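First the structure, in the form of structure tokens, and then the observations on it.
Letters A, B, ... are given to chains in the order of the sequence lines, protein chains preceding strands, and every chain is numbered from 1. Side chains included, hydrogens not; waters and symmetry mates left out as well; all remaining heavy atoms used. Since we're looking at a predicted model, the values are computed, not measured.
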2 protein chains.
Amino acid sequence: MDQNPPRSTSVTVADVARRAGVSKATAARVLGGYGTVSDRVREAVTAAARALDYRPNELARSMTTGRSGTIGVVVGDIENPFFSLAVRGITDVARQAGFTVILINSGEDVTAEKAAIRTLLAKRVDGLIVSPAKESELDHLQEAARSGRPLALLDRGSEALAVDTVIADDRNAAEGVTRRLLALGHRRIAYITACDTSDHLFRTPSDINTGSVRRRVEGFLDTCREAGLAEMERWVHVGASSPEHTRRIVTGMLRASGRPTAIIASDSVIGLEVFKASRAIGLAIPSDLSLVSFHDADWTSVTSPPVTVVRQPVYRLGERAAQLLVERLNGEGMEARRVVLQTEIVERASVAEAPA
Amino acid sequence: MDQNPPRSTSVTVADVARRAGVSKATAARVLGGYGTVSDRVREAVTAAARALDYRPNELARSMTTGRSGTIGVVVGDIENPFFSLAVRGITDVARQAGFTVILINSGEDVTAEKAAIRTLLAKRVDGLIVSPAKESELDHLQEAARSGRPLALLDRGSEALAVDTVIADDRNAAEGVTRRLLALGHRRIAYITACDTSDHLFRTPSDINTGSVRRRVEGFLDTCREAGLAEMERWVHVGASSPEHTRRIVTGMLRASGRPTAIIASDSVIGLEVFKASRAIGLAIPSDLSLVSFHDADWTSVTSPPVTVVRQPVYRLGERAAQLLVERLNGEGMEARRVVLQTEIVERASVAEAPA
DNA sequence: TTTCAAATTGAGACCGGTCTCTTTGCTTCT
DNA sequence: AGAAGCAAAGAGACCGGTCTCAATTTGAAA
């Protein structure tokens, strides 16, 4: 029975109905699991379906029901451990709730992000989870929200947008880290992020469109200011968007006179590159240079010295976002919720007193 | 004009047609970009569509065309850097070719994998890329292939299945690594994999259902045998499926008398755990213990000592798989192709002569 | 036995596109 | 001028399900 040639035209309810000797409507009731049917008919239809190897066409089903059973996810880069872990959280919840996930990388590019959302909307996803590249441009998000399909924001929110949002308490984390470094005598503290500005220079936090990072930078700057350090803006470096860029930035910074005595890396990919670059230059961590990285990537505990990090509940970030979305998909329209998950500073050995 | 209430019922071709004063068929021609239309009509329809903010319904389109513009991807665990990188390769190619990706994690569980494929087939994906958990069970893959939708296998193939396959030359890599260790005097060499058997014991390579790993183990064992080492089977450890399991296995192994002098880790997640465990026990790498890991994860170059690894072209693995699939989706039925990508041993400093 | 509501089943419209088949209107060739 | 050829537009079927509504059965109450 394996010998039937590749069945190009698939079996439909009508086929099953014919074979079972009932009407299409009745067969559909059995196959779709709705309405009422007698046991005898149910068995006949089930048997016919099995004999014909009937496979429901979800597309057709979605067509009439209006629900596609999919949620669209737009992240910066699935290759980044941060996102792959968050996506894991999302897919776990989604599957549990009976949804599948369509994944699109934006590459942190707003144009790509817009296209992605448009595509997903066209495919009639039931809901969206987006990690917006820029908070300055949110027409497309607004539009998505207005299309009637629920939207949840991941890791980056915007107060201007009344949608479900799950973020970490980045500002708080940055403040804690900065305070710690200040207490150890550091005054030249650099902050490095992948976010970029048009001229690759940083002036004020509002230059930074990625919400999570902006909040961190604000926390960093404010804490410095409170400690009496002014003009720390010049220690914020943007544009570390690839390992090469990062290396160039870090190397330049560490080779300059008046180099920083401490560096805060905005994610683990950057942190890794800082680690490599400082070693390449011959600076010892932590005696010459203290390092703190965001994201408790698995490798950070295994280097020499192990790296002090801000542990973000990344998996839970994705998980919660998906939960909010699913709830909204099922339940009725409640108000937009904003969830802030706590971070934790994991002190390891990459931070020490500032060198004299 | 932003004030219209959330439009629950969307704009259709018929609406656009009405507004433009043409027939539904004509409007569809313009909107769908097929057939011939006069410039005047085209403009009228375009204008109407813009005015109404028309959004095509891809579902409906897929319904008739039979093409959904999606490819389904089933991987073990997106959280694993190996897969997230491969998926990155897949999505890049897919997007380029105009496809979106539906992602499902199997958790390396065959039952889940079957369900995943069934779901994807029901959603009428145009093609599938699967990294099969087990090569022993491939009915569901066979079925998928028979359903007429192209299938490509990623990282794990089966000669029994005539479908496009992209793998790395795992056997070769394992042979090379083993030879290197043997040359350095190692005789007690352990191989650790996440794959598992029913009784968590390894007897023969055929116990291992994951193709890539089986080929490696075969390479390992054969090379040992050629060197006159018999019964190396007892050095193959299965079931390192989580950090905790791995730690337990490694710790037990290293604490035992006659502990291995070298360990080959089947992926970077395991390699990391071996690194941690040996350090926790107080064994020095490489003087007490040599370590080689599969997958050139980013952190492996930054530990002390940096870890010798087998560099697999992971991104290209995904990329090629997607390419094969897309070609088959466009072109006509050619024979199944099997692509084997070369690996490379990156010698760093975690391998040394066997201790006396 | 008659009556009436509830349970079953059938017929056919519908979702929003695509696509085939016609009809209509011009242009062009002889 | 008449026929042929072709572009442009319309009508309506179709994809494979769901769902409404009406028709038929069934079963229990009267």
Side-chain angles (χ1 to χ4, degrees), chain A residues 7-46 48-49 52-70 119 121-126 147-148, chain B residues 7-46 48-49 52-70 119 121-126 147-148:
Chain A
R7 188 186 36 262
S8 58
T9 162
S10 55
V11 180
T12 73
V13 265
D15 298 325
V16 175
R18 201 170 310 123
R19 165 127 184 178
V22 299
S23 75
K24 185 183 156 196
T26 302
R29 275 190 268 264
V30 176
L31 266 14
Y34 57 89
T36 69
V37 213
S38 71
D39 290 347
R40 239 183 13 146
V41 169
R42 179 185 315 283
E43 276 163 35
V45 171
T46 309
L52 259 29
D53 191 28
Y54 167 77
R55 305 302 182 85
N57 183 332
E58 280 296 337
L59 248 41
R61 184 170 303 185
S62 304
M63 190 77 240
T64 40
T65 60
R67 313 194 80 201
S68 64
T70 57
T119 302
L121 252 25
K123 289 211 185 295
R124 295 299 194 262
V125 293
D126 292 333
S147 79
Chain B
R7 187 186 36 261
S8 58
T9 162
S10 55
V11 180
T12 73
V13 262
D15 298 325
V16 175
R18 201 170 310 122
R19 165 127 183 179
V22 299
S23 75
K24 185 183 155 197
T26 302
R29 274 189 268 262
V30 175
L31 266 16
Y34 57 89
T36 67
V37 216
S38 71
D39 290 346
R40 240 183 12 148
V41 168
R42 180 186 314 282
E43 276 163 34
V45 172
T46 309
L52 259 30
D53 190 29
Y54 167 77
R55 305 304 183 85
N57 183 332
E58 279 296 336
L59 249 41
R61 183 170 305 187
S62 303
M63 189 78 242
T64 41
T65 60
R67 313 196 79 201
S68 63
T70 57
T119 301
L121 252 25
K123 290 214 186 293
R124 294 299 193 262
V125 293
D126 291 333
S147 80

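- Atom CG of A:Asp15 and atom C1' of D:dG16 are 10 Å apart (whole Å).
- For D:dG12, its base never sits under 3.5 Å from the side chain of B:Lys24 at any donor and acceptor pair.
- Closest to the side chain of B:Val22, from the set D:dG10, D:dA9, D:dG17, is D:dG10.
- DNA chain D is contacted by both A:Val13 and B:Asp39; B:Asp39 maps to the nucleotide lying nearer its 5′ end (nearest heavy atom per residue).
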* Does the side chain to side chain contact (heavy atoms under 4.5 Å, CB included) test come out yes or no for B:Thr70 and A:Lys123, once each step is laid out? -> CA-CA 10 Å; B:Thr70 57; A:Lys123 289 211 185 295; 3.6 Å; yes
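- A straight line from NZ of A:Lys123 to P of C:dC15 spans 22 Å, rounded to a whole angstrom.
- With sequence neighbours excluded, the residues satisfying salt bridge (Lys or Arg N to Asp or Glu O under 4.0 Å) with B:Arg61 are B:Glu58.
- Residue A:Tyr34 places at least one side-chain N or O under 4.0 Å from the OP1 or OP2 atom of D:dT18.
- Rounding to whole angstrom units, CD of residue A:Glu58 and C1' of D:dG16 are separated by 12 Å.
- With D:dG17, D:dA11, D:dA8 as the choices, the nucleotide that has an atom nearest any side-chain atom of A:Arg61 turns out to be D:dG17.
- A donor-acceptor contact shorter than 3.5 Å links the side chain of B:Thr46 to the backbone of B:Arg42.
- Taking only side-chain nitrogens and oxygens, A:Ser38 comes nearer than 4.0 Å to OP1 or OP2 of C:dT9.
- Across all non-hydrogen atoms, the minimal contact from A:Asp126 to A:Ser68 is OD1-N, 2.9 Å.
- In the set C:dC15, D:dA7, D:dA11, the nucleotide with an atom closest to the side chain of B:Thr36 is D:dA7.
- How far CZ of A:Arg29 is from OG of A:Ser38: 11.0 Å, rounded to the nearest 0.5 Å.
- In this structure, CE of B:Met63 is placed 14 Å from P of D:dC14, rounded to the nearest angstrom.
- When the nucleotides D:dG17, C:dG10, D:dA9 are ranked by their closest atom to the side chain of A:Thr26, C:dG10 comes out on top.
- Closest to the side chain of B:Arg29, from the set D:dT18, D:dG10, C:dG16, is D:dG10.
- Two residues, B:Arg42 and B:Thr64, neighbour DNA chain D, and the one matched to the more 5' nucleotide by heavy-atom proximity is B:Arg42.
- You'll find that the side chain of B:Val37 is closest to D:dA9, out of D:dA9, D:dT18, C:dT18.
- Contact annotation for A:Thr12: backbone-only contact, meaning every heavy-atom pair under 4.0 Å involves sugar-phosphate atoms and none involves a base.
- In the set D:dT18, C:dG17, C:dG10, C:dG10 carries the atom at the smallest distance from any side-chain atom of A:Ser23.
- For A:Arg40 and B:Pro56, each mapped to the nucleotide of DNA chain C holding its nearest heavy atom, the one lying further toward the 5' end belongs to A:Arg40.
- Between B:Arg124 atom CZ and C:dG17 atom P there is a gap of 20 Å when expressed in whole angstrom units.
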